[in-house]
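First the structure, in the form of structure tokens, and then the observations on it.
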Amino acid sequence: VDPRCEDGSRTERFRELIAIYAAAVRRLCVVYASNPADREDLFQEVFLAVWKALPAFRGEASERTWLYRIAHNVALTWKARDRRHRGEPLDGSCSPACDPPDPRRIALIEIIALLPPVDRQLVTLWLEGLTMAEIEQITGMRAGTVAVRLTRIRRQLSEANYGRIPTA
Amino acid sequence: MEEFRPPDELCDLWLGSQGPPEDAAAITQQVLMAAKRYGANLRRFDDMWIAVTIVLLPILFVAGGLDPAAYLADAFMIAALLFYLAVYWILYRKAPSEPDSADSPMREHLAYWLDYLRRRARFHRVSVWGSVFALGAAGSWLRTAGSNPVNLWMAGLFLLSAVFGLLATRYELRKMEVRRANVQRILDDLGSEPEPSV
């Protein structure tokens, strides 16, 4: 990083955010992009948006809520673009350095990737362990609506035997 | 609230195996480079238009000098170029580019995107009609202005440019319509109230 061009504290803060949230953003990218090149593209776009938004972050929301909101907003509009997404089968690996992917994980990601975009967001936020209040803040949906949708999604996941697909 | 938490088995599956920690410094470097490239690309596009204007205008005047009949066609061509540049600056470049609203609530962010796509489509529609009209008029004038081969060659070029402009704009507008429909669908879904499950 060229210190002449960038504010050092902003860069330092940005680096910390990457260290904390990169893995979560990579997991998010997996359900939006089926191949490594698109995933990397989306990953960079998310953090580019984080970089741009960082000076305006005043800590009114928690850092986690703020970052997930950015990540999901960027992923939604990235997916909505009419670009040619390279359609390769999902390999389920979250980062280039990950271990070989678990077939059950691939199956889970395939199920999530088939959900409509808003449901996809809800389920990934839920799986990341966010609270109902945090999901409300990120999506702007009412708690009742989130609960109804998540119940429906959970049923879909159960019907797909997400936890009982045999390992290779 | 306890039942809101996902089952442990599902959580483990989702979180997967944690790879080695990310190289935050390298990612930071890449993102900052991408941020600079983004700004540089916009500037390059602006520079390209200025260069086109600077190069094209004298060429048109020189070409016009070869045959006085070509002056009117040149005037049309210059009008087309200046019209496009004016529309580019007024409708496109002066307005914000892609919305930097990713930290807004989701509904607002999507609404910004719809507005952005609407502005882009408006720019394409307005710019193409003026430019295509002027190019078409220039081509038609040259076609009827005489039998000078340069004129006929330029007439073909102008008319082809007009047709190409129309087709390219149609393609862009269709692409934008797909994007707009996709964003609108997500926005509608976000606002819909699902039936409670039995």
Side-chain angles (χ1 to χ4, degrees), chain A residues 1 5-6 11 14-16 18-19 22-23 27 44 47-53 56-57 66 69-70 72-74 76-77 79-82 92 94-95 97-99 101-102 104-105 108 116-118 121 126-129 131-132 138-141 145 147-152 155 157 162-163, chain B residues 1 4-7 9-11 13-32 34-36 38 98-110 112-113 174-187 189-197:
Chain A
V1 176
C5 303
E6 307 298 346
T11 309
F14 183 64
R15 204 174 289 172
E16 284 169 21
I18 289 175
R27 284 192 292 273
Q44 281 216 7
F47 276 106
L48 182 58
V50 170
W51 170 257
K52 287 182 190 167
F57 179 58
W66 174 79
R69 179 189 281 171
I70 292 177
H72 281 270
N73 278 342
V74 171
L76 273 184
T77 40
K79 194 69 184 169
R81 281 181 199 170
D82 181 38
C94 50
S95 101
C98 262
D99 293 336
D102 180 346
R104 294 184 313 149
R105 182 175 153 74
L108 173 65
V118 176
Q121 290 202 312
W126 176 63
L127 289 172
E128 286 292 331
T131 64
M132 177 69 91
I138 292 168
T139 60
M141 294 167 94
T145 310
V148 170
R149 279 179 179 254
L150 273 176
T151 306
R152 196 179 59 196
R155 202 170 44 230
L157 292 178
Y162 62 82
Chain B
M1 262 308 138
F4 181 73
R5 289 185 56 233
E9 183 192 14
L10 188 57
C11 254
L13 203 56
W14 170 249
L15 295 174
S17 62
Q18 303 291 320
E22 299 270 354
D23 185 350
I27 296 172
T28 305
Q29 187 79 45
Q30 282 171 6
V31 171
L32 295 191
K36 280 178 195 162
Y38 177 76
E98 289 202 358
D100 279 343
S101 57
D103 56 341
S104 314
M106 202 172 281
R107 220 179 288 256
E108 275 176 39
H109 176 66
L110 295 174
Y112 282 134
W113 264 91
R174 195 173 292 173
K175 229 167 62 171
M176 229 157 275
E177 183 52 36
V178 171
R179 284 175 76 176
R180 201 200 58 74
N182 287 343
V183 176
Q184 185 66 57
R185 205 172 303 130
I186 298 170
L187 197 58
D189 189 22
L190 202 59
S192 68
E193 293 286 332
E195 292 290 318
S197 49

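Given the structure is predicted, the values throughout are model-derived calculations rather than measurements. Order of the sequence lines fixes the chain letters, A, B, ..., with proteins taken first and strands second; residue numbering starts at 1 for each chain.
- Heavy-atom pairs under 4.5 Å with chain A were tallied for B/Arg185, B/Gln30, B/Arg107; the largest tally goes to B/Gln30.
- Residue A/Leu150 touches chain B through its side chain alone, counting heavy-atom pairs closer than 4.5 Å.
- A/Thr139 touches chain B through backbone and side chain together, each having a heavy atom under 4.5 Å away.
- One finds the CG atom of B/Leu13 at 5.0 Å from the CZ atom of A/Arg104 (value rounded to the nearest 0.5 Å).
- In plain terms, the two heavy atoms of B/Trp14 and A/Arg27 that are nearest each other are O-CD, 3.4 Å.
- Between the CD1 atom in B/Ile27 and the CD atom in A/Gln44 there is a gap of 8.5 Å [rounded to 0.5 Å].
- Closest of all the heavy-atom pairs between B/Cys11 and A/Leu127 is SG-O, 3.9 Å.
- When every heavy atom of B/Val31 is checked against every heavy atom of A/Trp51, the shortest pair comes out as CG1-CB, 4.2 Å.
- When all heavy atoms are compared, the tightest approach of A/Asn73 to B/Ser104 is ND2-O, 2.8 Å.
- For the pair A/Thr77 and B/His109, the tightest heavy-atom approach, listed with the atom from each and the gap, is OG1-NE2, 3.4 Å.
- When the salt bridge (charged side-chain N to carboxylate O under 4.0 Å, His left out) test is applied to B/Glu108, no partner is found at least two apart in sequence or on another chain.
- Interface residue A/Gln121: only side-chain heavy atoms are found under 4.5 Å from chain B.
- Between B/Asp189 and A/Arg149, the shortest heavy-atom distance links the atoms O-NH2, 2.6 Å.
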